[in-house]
Amino acid sequence: MATERYDHNAIEGRWQETWERDGAFRTKKDGAGDKYYVLEMFPYPSGKIHMGHVRNYSIGDVVARFLMMRGRNVLHPMGWDSFGLPAENAAIQHGTHPSVWTRENIANMKTQLGRMGFSYDWPREVATYKPDYYRWNQWIFLKLLEKGLAYKRRSHVNWCPGCATVLANEQVEDGQCWRCSSAVEEKELEQWFLRITAYAGELLDFTYKLPGWPERVLIMQRNWIGKSAGAEAVFKVADSSAEIRIFTTRPDTLHGMTFMSLAAAHPLTSKITTAERRAEVEAFAARVKAEAKPGRGAGEIKKEGVFTGAYCVNPLTGDKVPVYAANFVLMGYGTGAVMAVPAHDQRDFEFAKVYGLPVKVVINPPDATLDPASMQEAYVEDGVMVNSGRFNGMKNTEAMTAITAALAEAGAGRETVNYKLRDWGISRQRYWGCPIPVVYCGTCGTVPVPYEELPVVLPEDIKLTGKGASPLAEAEGFVNAKCPKCGKAARRETDTMDTFVDSSWYFLRYCSPKAETLPFDRSDAERWMPVDQYIGGIEHAVLHLLYARFFTKALRDLGLHGFDEPFKNLLTQGMVCKETRKCHAHGFLYPEEVRDGKCVQCGTEAKAGPVEKMSKSKKNVVDPDVLIDEYGADTTRLFSLFAAPPEKDLDWSEDGVEGAYRFIGRVWRLVLENMDTLNAAEPYAVGGATLEGSALDVHRATHRTIKKVTQDIEERFHFNTAISAIMELVNALYQFNEKDARPDVFKEAVEAVVLLLSPFAPHVSEELWQRLGNAEPVYKTAWPRPDPDALVADEATIVIQINGKVRSKVTVPVDAAEEFVKDAVIKDEKTAEWTKGKTLRKFVYVPGKIVNMVVG
RNA sequence: GCGAGGGUGGCGGAACUGGCAGACGCGCCAGACUUAGGAUCUGGUGGGCAACCAUGGGGGUUCGAUUCCCCCCUCUCGCACCA
């Protein structure tokens, strides 16, 4: 009789319906068990899910399902990061309204996630484009405004011509837009900012209190925050009322300052420039501004500058030194002004050499004396103070505090801490985002929209041209408003919020998605937060993950909850990659454009290119829908978890998918082909008849596998090794020739296989579990526990090494004493051969494991 | 330049605190069952005829090193004039 074939389509559809009907994954609000909040970064609804999503969400689903079976009370929600540019671009290109496009994409992707069998609590779904979500963005914004954590300022901003909007500093990578790679330009605009810098210290400190985060993410955040301790000093400009403020990490070198460098864009640069230098300085400033565009990331450029004609006075020495405008001084860091100490700073040294400025040594190495005339580079190490008046002879490290104190005494400075982190600019000149809830009144100025008028709804009727100005500015009905204070005609803010605002607190909304009086309910948030396990891509290391931490702290300080950090454990999964193929004439090729290693269009060789992150432009994408049709969700999930550990990049391989499919088929047949045996089996009774031979081996293997799979999932998220352990047990069961003698042992093992496999391949597991005669579905079944008695072996195999090389093995009782083992080893024939005629010099015994005999 | 993480069979990857290197899967080879099989099952599969040699290369510690230490090569990622 032919065995019924494994039909993934029928099985998966059936179980998805069952789960849906039973509300299987609804969070039990008052359920028993410790809470566990597992969260995957919610997707942007671009239209279809991609393999990156499949991997991300498969990892999360294993965690969620595993913990449900372990009896934890699991919160596992999903939603949509659904404001953003692609919707708007689609509208411009195809004439679809962003809201229509977004709704359709969400519907489609939700279906796809359903087809993957992910265990989400869908009734908690949030979508950031909906007024009932973004009204709370606005609410939070107003609270931040009240607290002084949101403010408006005219400033130099990053402008992306491709996206026709402003970008935050975090969204500029190597001078390019993080999204579209256009070269970012500088613009001066009136912008709303969130004062993330108020939390710089705390955000930094807590990076040392997040042991569940990958070290490299923490390091990236620390670098981005960029704390440095030093001093601030004020220099009076000679013959002027102006003062130049500088920040330095090396106050010890103050006496070695021989000139001052200002950023070309520094407001004082033009102010203090003398009449005769003006033309030159302005020309220089214009040139620096023009060159500054690609500047970031381009590495070091040649040091250039120009003398302003002005001098400033060293507050401690009274020395007058020239003030230069210099191209390497950044306006965006510190104060935009630098005290230049050529002897002890490499950049100042290079600059001084170009312009013939003096080099004054104030620190000597412990064992040498520096000669300014012959120095080839700045001396930046520690040493002993010289040429520094009363500080001479001190260690420079001591002089740092001493000189800072002297500055403070002179009223010309103080100890301070400086950060690279800038405030977060959130204004975006685009339509498809959350409106910023303020109005501008001719009489009252900037007026917040009253809380009771929220949400400020994004108007639906809008013309999108992609021309660049804020599209909302064209919407008369939106722009024209009444001043909430005086009632006169006023103008609404027409910029929208950066969509990273939306995603900075969505994990809180999931805790009480229907809350109507506050963004989230405090007790719900405190019940579920922090997220126990957060899973997503590394690309958000300093974007979303920093903003979300900031929001959590700011909301705490608004009194909305009482915890400090949003994500207890973070897993950053690797990218999904695949081999590329390229033809000289036609560039990247899809797999179907290659036949017999040749390009189907021109017949030239289609070269196998490097393995790269899946992307449409490289034509190396795999469509999850196609995979699900062909192999099913279980196979898709299983392969993406088996092929590599989650944090590493995954090389997609069609053959590997095939392998995963085969394995599921193998488990399927293991059950169906042995149905009679399994049906006849009594449950395995602990303490029943003594086992021996292969039945004992299988019984022990079953419990060892349970132990290993449990540990691999729970302790390390090493799903690849967990799956391989299940495969080993399945292989052993195919070899089990006494299954009819001990059907109980066989059935115990088969049931373990099905249960252990269920977080990875839930549909086929449900199906087999039911066919094994279980009334309760797998997801409600307790995760198996290894029987400690079954794990104990009564014999141990001792590996025998002779001079470090494996030569033989011997089996002894586990509790054998060393003398007994030594005796057994010496009696071993092979061992005797290898040691014949030699003297035993050393006998090393690692109990239960290995013997190493050193002979000679 | 600075910082972090990698380099193990033909390929993806195992080896948790030093203890049988290459689990598991792919691929490949052979056999069985078949009209047939790209299905399935079984066996084999790092190199070398062997002694032996093999975890990027070279040193070291150790009875014993993929694992610990030092030097070097290489790849990936992040930062990059941050005063």
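Only this structure's heavy atoms are used, side chains among them; waters, hydrogens and symmetry mates stay out. All chains are named by letter (A, B, ...) in the order of the sequence lines, taking the proteins before the strands, and each is independently numbered beginning at 1.
Against the 90° criterion about 0, the sugar-base torsion of G9(B) places it in the syn range.
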Tell me, for nucleotides 50-56 of chain B in 5' to 3' order, what letter each nucleotide earns: B for a base near a protein heavy atom under 4.0 Å, S for only sugar-phosphate near one, - for neither? --SS---
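By the 4.0 Å N-to-carboxylate-O rule, D252(A) lies close enough to R250(A) to be salt-bridged with it.
For the residue pair T404(A) and E415(A), no side-chain donor N or O sits within less than 3.5 Å of a side-chain acceptor on the partner. Inspection of the Y333(A) and S228(A) side chains reveals an N or O donor paired with an N or O acceptor under 3.5 Å. Defined by atom type and a distance below 3.5 Å, a donor-acceptor pair is present between the side-chain atoms of T197(A) and D423(A). For the residue pair R245(A) / T335(A), no side-chain donor-acceptor distance below 3.5 Å is found, with atom types taken as modelled.
In terms of position along RNA chain B, the nucleotide closest to K809(A) lies nearer the 5' end than the nucleotide closest to the other residue of the pair N418(A) and K809(A). Taking for each of L650(A) and S653(A) the nucleotide of RNA chain B with the nearest heavy atom, the 5'-most of the two is the partner of L650(A).
For the OP1/OP2 pair of G25(B) and a distance below 4.0 Å, the side-chain nitrogens and oxygens of N731(A) include at least one atom meeting the criterion. For C79(B), the OP1/OP2 oxygens have no side-chain nitrogen or oxygen of R216(A) closer than 4.0 Å. For Q735(A) and G43(B), the shortest distance from a side-chain N or O to OP1 or OP2 is below 4.0 Å. At C41(B), one or more side-chain N or O atoms of Y734(A) fall inside 4.0 Å of OP1 or OP2 (strictly under the cut-off).
Among the heavy atoms of the strands lying under 4.0 Å from V329(A) is at least one base atom, whether or not backbone atoms are also near. Nucleic acid contact for G226(A): none, since no nucleic acid atom lies under 4.0 Å from a heavy atom of the residue. S228(A) comes within 4.0 angstrom of sugar-phosphate atoms only, judged by non-hydrogen atoms across all strands, and of no base. Counting non-hydrogen atoms under 4.0 angstrom, F843(A) reaches nothing in the nucleic acid.
Classification of the F746(A)-F736(A) ring pair by plane angle, with boundaries at 30° and 60°, yields tilted. Below 30°, between 30° and 60°, or above 60°: for Y379(A) and H344(A) the angle between ring planes is above 60°, a perpendicular geometry. Taking the six-membered ring where tryptophan is involved, the planes of Y324(A) and Y355(A) are tilted, since the angle between them lies from 30° to 60°.
Spacing of C1' atoms, C53(B) relative to C2(B), comes out at 40 Å, to the nearest Å. A23(B) and G18(B) have their P atoms separated by 23 Å, given to the nearest Å. For the P atoms, the distance from U62(B) to U76(B) is 38 Å, rounded to whole Å. Only the C1' atoms considered, C41(B) is 8 Å distant from C33(B), to the nearest whole Å. Separating the P atom of C72(B) from that of A54(B) is a span of 24 Å, rounded to the nearest Å. Across C69(B) and C16(B), the matching C1' atoms stand 22 Å from one another, rounded to whole Å. For the P atoms, the distance linking G10(B) with U55(B) amounts to 13 Å, nearest Å. Rounded to whole Å, the separation between the P atoms of G27(B) and A21(B) comes to 28 Å.
Judged as a ring pair (Phe, Tyr, Trp, His ring centres under 6.0 Å), and not counting sequence neighbours, the contacts of F719(A) are F717(A).
For K303(A) and A83(B), the NZ to P distance is 14 Å, given to the nearest whole Å. At whole-Å resolution of the value, CH2 in W224(A) and C1' in A4(B) are 18 Å apart. Rounded to whole angstrom, the span from the NZ atom of K613(A) across to the C1' atom of C77(B) amounts to 13 Å. As a whole-Å value, the separation of D655(A) CG from C11(B) P is 15 Å. K648(A) places its NZ atom 11 Å from the C1' atom of G5(B), with the value rounded to the nearest Å. For the pair Y845(A) OH and G18(B) P, the computed distance is 19 Å after rounding to whole Å. Atom CZ in F663(A) sits roughly 16 Å away from atom C1' in U40(B) (whole-Å rounding). In this structure, H266(A) places its NE2 atom 13 Å from C1' of A83(B), rounding to the nearest Å.
Looking at residues 717-729 of chain A, you'll see N720(A), T721(A), S724(A), M727(A), E728(A) sit with a heavy atom under 4.0 Å from some atom of RNA chain B. Taking a 4.0 Å limit (strictly below) on heavy-atom distances, residues 635-645 of chain A reaches RNA chain B at F642(A), A643(A), P645(A).
Panel note: side chain R422(A), backbone N169(A); no donor-acceptor pair is recorded below 3.5 Å.
Counting all heavy atoms, side chain and backbone alike, E818(A) lies closest to F843(A) at OE2-CD2, 4.0 Å. Nearest approach of G848(A) to I798(A), heavy atoms of both residues: C-CD1, 3.5 Å. Closest heavy-atom contact between R549(A) and L203(A): NH2-O, 2.8 Å.
Taking a pair as Watson-Crick or G-U with both hydrogen-bonding distances under 3.5 Å, the stems of three or more pairs touching RNA chain B are B:1-7 with B:73-79, B:10-12 with B:24-26, B:27-32 with B:40-45, B:56-60 with B:68-72.
A 6.0 Å sphere centred on CZ of R222(A) holds more than 12 heavy atoms belonging to other residues, nucleotides or ligands. Other residues, nucleotides and ligands contribute at most 12 non-hydrogen atoms within 6.0 Å of the CD atom of E829(A).
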Output one line per pair: protein atom, nucleotide atom from nucleotides 58-64 of chain B, and distance, for all N/O pairs under 3.5 Å.
unit_1: C63(B); atom_1: OP1; unit_2: K842(A); atom_2: NZ; d: 3.2
unit_1: C63(B); atom_1: O2'; unit_2: N852(A); atom_2: ND2; d: 3.0
unit_1: C63(B); atom_1: O2; unit_2: N852(A); atom_2: ND2; d: 2.6

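For R666(A), whose side chain is taken as the heavy atoms from C-beta onward, the closest listed nucleotide among G12(B), U40(B), U42(B) is U42(B). Closest approach to the L330(A) side chain among A21(B), U40(B), A83(B) is made by A83(B) (side chain taken as heavy atoms from C-beta onward). Nearest nucleotide to the side chain of K420(A), out of C26(B), C79(B), U42(B): C79(B).
At least one cation-pi condition fails for K303(A) and F351(A): the charged atom is not both under 6.0 angstrom from the six-membered ring centre and inside a 45 degree cone around its axis.
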